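Nothing here was measured: the structure is a model prediction, and the numbers come from that model.
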Amino acid sequence: MKKEKKPKKEKSEKGGKKKLLLIPVILLLVAAIAAAAVFFILPRFGINLLGGGDENGDSSEVGDPLPKKGLEAYTLGEDELVDTTISLDTVLEEGDGELIANRGPGKNKTMQDEPGEQSERYTYIYELTSPADVVNRYLDMVLGGEQGFTLVDETYLVLEERPELENREGALILARPSVQEGHVFQIVIGWSEASGNLAVRVAAPEGAIHEPEPEDDGGVFIPPEPAGLDEHLEQLMSVPPSRLGLDGASMEEYEVYAMVGFVSVDGIDCRRFTIYSRENPGSIEGIFLISGDQQHFYELDPETNVVTELRESGSAS
């Protein structure tokens, strides 16, 4: 990845190589779902339950009346060009929760679209008691088989493993070829335990699903499995806030949220964490990444997408 220089911050000792982390808009949008409370999470996802327009200034995205017996399918398009699949409502059991709001049809630009082109989208908001269980049941229904969806990243690269989901927060992307040539029928799902809400965004932007290139492991070093979320979280919580350029005596003074899956920095898989202030809910204090082998700490500047490796990598002292 492209390397850039970035001046040190005066309140913390940071150094090392600076690298350009390319995080597409959709990835940032998905990560925003796993934030603090509904009035901070949903507007970042293009959803404003309090009224008004979305992030693109489009106030035409209005809610349809909610179905009395649950929504049976998510559907896009018209005439013969219709994408449809079963909805999350079809796997809800008694006590799981319910659909509480929906928005659409709206229009939004996506990273795959040509300048000025827009794609139709619908958004559904659920209030769930155990989102991880519900999403796992939904994945059982739509992955492969008749529904034909696969888990992908923001570039529509097929993920090789199904992630372990937690109620605390999560975000994932499902995709399959659309009936519209050159488009992908996409379902983005994100949730936060802090808000008690889960959002489903359905759209068919331009794009193509692609498989990872095969690897020749003959005589090639195979890196160890990356650390689990609990290990990364424990490592981050043991770091003095001053090492991250933060105030306070302990990381317990902050809210910490992790993004599902990994992002890559110079070929190193890293798990991303967003740090929020407890005193000022919704205020981001910093975005940090920890390498899968726990040997590298990085800080991300969300305005420039530049990451800086912090000194004393992998040490909590």
Main-chain N/O of Val306 paired with Asp301 side-chain donor or acceptor, under 3.5 Å: no
Heavy-atom pair with the smallest gap, counting every atom of Phe273 and Ala258: CE2-CB, 3.6 Å
Value rounded to 0.5 Å, distance of OH in Tyr138 from OG in Ser87: 6.5 Å
Heavy-atom side-chain proximity of Arg176 to Thr150 below 4.5 angstrom: no
Close side-chain approach of Phe297 and Gln235, heavy atoms under 4.5 Å: yes
Donor-acceptor under 3.5 Å (Gln295 side chain, Ser291 main chain): no
Test item: Thr129 side-chain N/O and Gly95 main-chain N/O as donor-acceptor pair under 3.5 Å: yes
Donor-acceptor contact present, side-chain Asp269 to main-chain Gly292, <3.5 Å: no
Hphob cluster co-occupancy, Leu157 + Ile209, side-chain heavy atoms under 4.5 angstrom: no
Stepwise side-chain contact (heavy atoms from CB on, under 4.5 Å) check, Leu244 with Val239: CA-CA 8 Å; Leu244 305 179; Val239 172; 4.0 Å; yes
Other residues, nucleotides, ligands: >12 heavy atoms within 6.0 Å of Glu253 CD: yes
Atom pair CZ/CD1 of Arg278 and Ile275 - distance to nearest 0.5 Å: 10.5 Å
Glu206 CD to Glu181 CD distance, which is reported to the nearest 0.5 Å: 11.0 Å
Spacing of Thr84 atom OG1 and Glu72 atom CD [to the nearest 0.5 Å]: 10.0 Å
Near-ring test Tyr257/Tyr276, centroid separation under 6.0 angstrom: yes
Gln147 and Thr85 side chains, donor-acceptor separation under 3.5 Å: yes
Heavy-atom closest pair, residues Ala203 and Leu76: C-CD1, 3.3 Å
Same apolar cluster (I L V M F W Y, side chains within < 4.5 Å links), Met237/Ile290: yes
Cys270 side chain reached by Val265 side chain, heavy atoms, under 4.5 Å: yes
Closest contact, heavy atoms only, Ala132 versus Asn167: N-OD1, 2.9 Å
Hphob cluster co-occupancy, Val82 + Tyr74, side-chain heavy atoms under 4.5 angstrom: no
side-chain contact (heavy atoms from CB on, under 4.5 Å) evaluation trace for Ile100 with Asn197: CA-CA 9 Å; Ile100 61 172; Asn197 291 101; 3.2 Å; yes
Main-chain N/O of Ala204 paired with His183 side-chain donor or acceptor, under 3.5 Å: yes
Validation row: Arg272, Ile287 side chains within 4.5 angstrom (heavy atoms): yes
Stepwise side-chain contact (heavy atoms from CB on, under 4.5 Å) test for Leu246 and Met251: CA-CA 9 Å; Leu246 303 176; Met251 290 301 295; 4.2 Å; yes
Nearest heavy atoms of Gln294 and Glu231, plus distance in Å: NE2-O, 3.5 Å
Side-chain touch Met259/Arg271, heavy atoms, less than 4.5 angstrom: no
Single-linkage hydrophobic cluster, 4.5 Å side-chain cutoff, Phe262 and Leu165 together: no
Main-chain N/O of Ser130 paired to Trp191 side chain as donor or acceptor, under 3.5 Å: no
Short N-O contact, Glu193 and Arg168, less than 4.0 angstrom: no
Heavy-atom donor-acceptor pair, Asn280 side chain to Ser277 backbone, under 3.5 Å: no
Main-chain N/O of Leu92 paired with Asp96 side-chain donor or acceptor, under 3.5 Å: no
Leu289 and Leu300: CA distance, side-chain angles, deciding distance, side-chain contact (heavy atoms from CB on, under 4.5 Å) verdict: CA-CA 7 Å; Leu289 301 101; Leu300 167 68; 3.9 Å; yes
Minimum side-chain heavy-atom gap Arg103-Tyr124 below 4.5 Å: no
Exercise: do Tyr122 and Glu120 side chains pair donor with acceptor under 3.5 Å: yes
Plane angle bin for Phe185 and Phe149 - parallel if under 30°, tilted between 30 and 60°, otherwise perpendicular: tilted
Enclosure of Glu234 CD (heavy-atom neighbours >12, cutoff 6.0 Å): no
CG-CG distance between Leu159 and Asp153, expressed to the nearest 0.5 angstrom: 6.0 Å
Any donor-acceptor N or O pair under 3.5 Å, side chains Tyr126, Asp89: yes
Donor-acceptor pair, side chain of Arg162 and main chain of Leu151, under 3.5 angstrom: no
CD on Glu146 to CD1 on Ile86, rounded to 0.5 Å: 8.5 Å
Check: Glu285 and Thr274 side chains under 4.5 Å, non-hydrogen atoms: no
Min side-chain heavy-atom separation Glu98-Leu128 under 4.5 Å: no
